[in-house]
Amino acid sequence: MCEMYVIETQGLTKYYGKDRGIVDLDLEIESGEIFGFIGPNGAGKSTTIRTLLGLIFPTSGSGSIFGMDIVKETKEIKKRIGYMPSEVNYYEKMDGQELLRYSANFYGKDCESRIKELADIFALDLHRKIIDLSRGNRKKISILQCLIHQPRLLILDEPTTGLDPLMQAKFFDILREENDNDTTIFFSSHTLSEVQKMCRRVSIIKEGRIIAVEDIETLRKKQLRKVQVEFAHPVKSDEIECVGIIVPRADKNNLHFMFSGTMDDLLNNLAGKDVKDLIIEEPSLEEIFMHYYSDEKEQNKEP
Amino acid sequence: MMINTNLYFNELKRYRNFFLAWSISISILIVMELAFYHIFMNEDLAKMMATFFENPFMKNMMTVFGTNLDVLTNALGYYATRSAIYIMLLGTFFSIMLAGRILAREEHEKTAEFLLAKPVTRLEIVWSKLAAFFTYLFLLSVMILVSGSIGLEIFKGESEYRLGAFVIHSFYFFLLMLTFGAMGLFLSLLIKRGRPITSVSIGLIFGGYLIDLLSKATRPASKFGYISPFKFMDSGVLRPDYSLEWWRVLYFLGISIVLIALTFIVYRKKDILV
């Protein structure tokens, strides 16, 4: 097979001394896709990204970006990528304009018009010193910094933290635009809903290992909901019977459970049962992992 | 091309105020010290010092500081033995602090995550930052030369000296600062997450200086003196045969080159944790 992946790793492993960073990571990210990379904090997302960027060196295994080795050809690789770190730390005495020019000069490109265009979109004042900027505004500088030199690959590490919903929407619009122009996007996050909005495929990382690579469609079908039903009377955990209820737990009048079935089924089952209140929410990733991926893995082991 | 000009000029700009503050202070101090020499000679303080030197204890003590009455009453001798004490301490501190921060600060302030994501190799990063350090070290040495020669010309009074001896002394001083800079650069790499090496720097400089003093004061300690770079500084500017000695130059350059080479080797493969 001669298909070239934009990012490809084979058995990529990183230990910090004895501490686990990532173990045996195999990634294959195709050109032009928006690839989600999700996992709880401490799962190894940033370690993966920093290894890809050459900030840290793999203990074993290998990786390539645009077919170039992440250890040996890191300079050539970086000409083609834009990176947005999860925490923004810049030279505090510079103002936005200075930082962006400094950044652009590394690529030997004139990015002035793009800087201006993006600053307008995000309503960003480029003449204030970084040290005086709020977290959200620093994040906007970071967005500009990773986009202005028109990279072929964007590596985004939890890009939306600290951005208000309006800015998030604008940011996602720009990402889609970039993607339409054939820019590949590697999108790391711990929020499933955000990844679902953007990506076609996601990879799920837990405790340093990739435990699943899924199409978003499949994930959506497996979509878990966290449900709390309040009845008019005390209940037992088997109060309702419906396909898709996982680990029900009764607490006085309340019934808590995870639900992976169809909503219609659930509502039909609840009808006429003296329901006083019903709360349906998206579970946190931790909960999904606990109730779904860890269970599935266990089940899969059995023939 | 191993130097990234964008990075180099940014580093120059970043440390411009630090450099200006230190270099101007040091230059002013040099001129002030020489002005003080002038007062010292004119106010008959020198004669009072003569009585001071009659006391054998005091005489010995001053020998530790590498001086005696003949040296003290000469403008260049006065500069090289008396003023040079703090000027040398200040200069080496400037050098060790600048070199100790220039690379490690990116890690400490977490800007390494920005810099290392740019198309620039690790070697280019070290070269460019070293170039900025060398530029400022060179400029500081020029300022020391200029302020020293001006101060000497204005305040020399009747003393005679060779300007060449002053140039050689300043060159040794440059090499001493370079050596401490190389130490700072290398040590900053070994400290976790690039924390500032201020306390280590002060320890190294004062430690080195005290070892040098002790080695001059007592015979048994004289051999230990050679672990201190200060020992290799030659302040005997009034000796007729005072000249540039190659073994001293080789010592300073050797240590600097080895430490800088080690810096390249370590930084090339270092995990940058931010």
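The shown structure was predicted, so the numbers you read here are calculated from the model rather than taken from an experiment. Throughout, a chain's letter reflects where its sequence line sits, starting with A, and its residues are numbered from 1.
When side chains are defined from C-beta on, A:Leu154 counts as touching A:Leu147, because their heavy atoms get closer than 4.5 Å. Side chains of A:Met167 and A:Lys139 form no contact here, defined as non-hydrogen atoms less than 4.5 Å apart.
One distance of note links CD1 of A:Ile49 with OH of A:Tyr83; it measures 6.0 Å at 0.5 Å rounding.
The salt bridge (Lys or Arg N to Asp or Glu O under 4.0 Å) pairs that include a residue from residues 10-35 of chain B are A:Glu98-B:Lys13, B:Glu11-B:Arg14, B:Glu11-B:Lys129, B:Arg14-B:Glu106, B:Arg14-B:Glu109, B:Glu33-B:Arg82, where partners are two or more places apart or lie in different chains.
For A:Tyr90, the parts lying under 4.5 angstrom from a heavy atom of chain B are both the backbone and the side chain. With a threshold of 4.5 angstrom between heavy atoms, A:Ser103 approaches chain B through its backbone and through its side chain. Contacts of A:Met94 with chain B are made by side-chain atoms alone, with heavy-atom separations under 4.5 Å and no backbone atom involved. Residue contact with chain B, scored on non-hydrogen atoms closer than 4.5 Å, involves the side chain of A:Val71 exclusively.
Applying the ring pair (Phe, Tyr, Trp, His ring centres under 6.0 Å) rule to B:Phe264 yields the partners B:Trp127; only residues at least two apart in sequence or on another chain are considered.
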Give every donor-acceptor pair under 3.5 Å between a side-chain atom in residues 253-262 of chain B and any protein atom, sequence neighbours left out.
unit_1, atom_1, unit_2, atom_2, d
B:Ser256, OG, B:Phe252, O, 2.8

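The pair A:Arg50-A:Asp157 does not meet the salt-bridge criterion, since no charged nitrogen lies less than 4.0 angstrom from a carboxylate oxygen.
Along residues 136-146 of chain B, no residue comes nearer than 4.5 angstrom to chain A, judged on non-hydrogen atoms.
Counted by atom type alone, A:Gln97 and A:His127 present zero donor-acceptor pairs between their side chains at under 3.5 Å.
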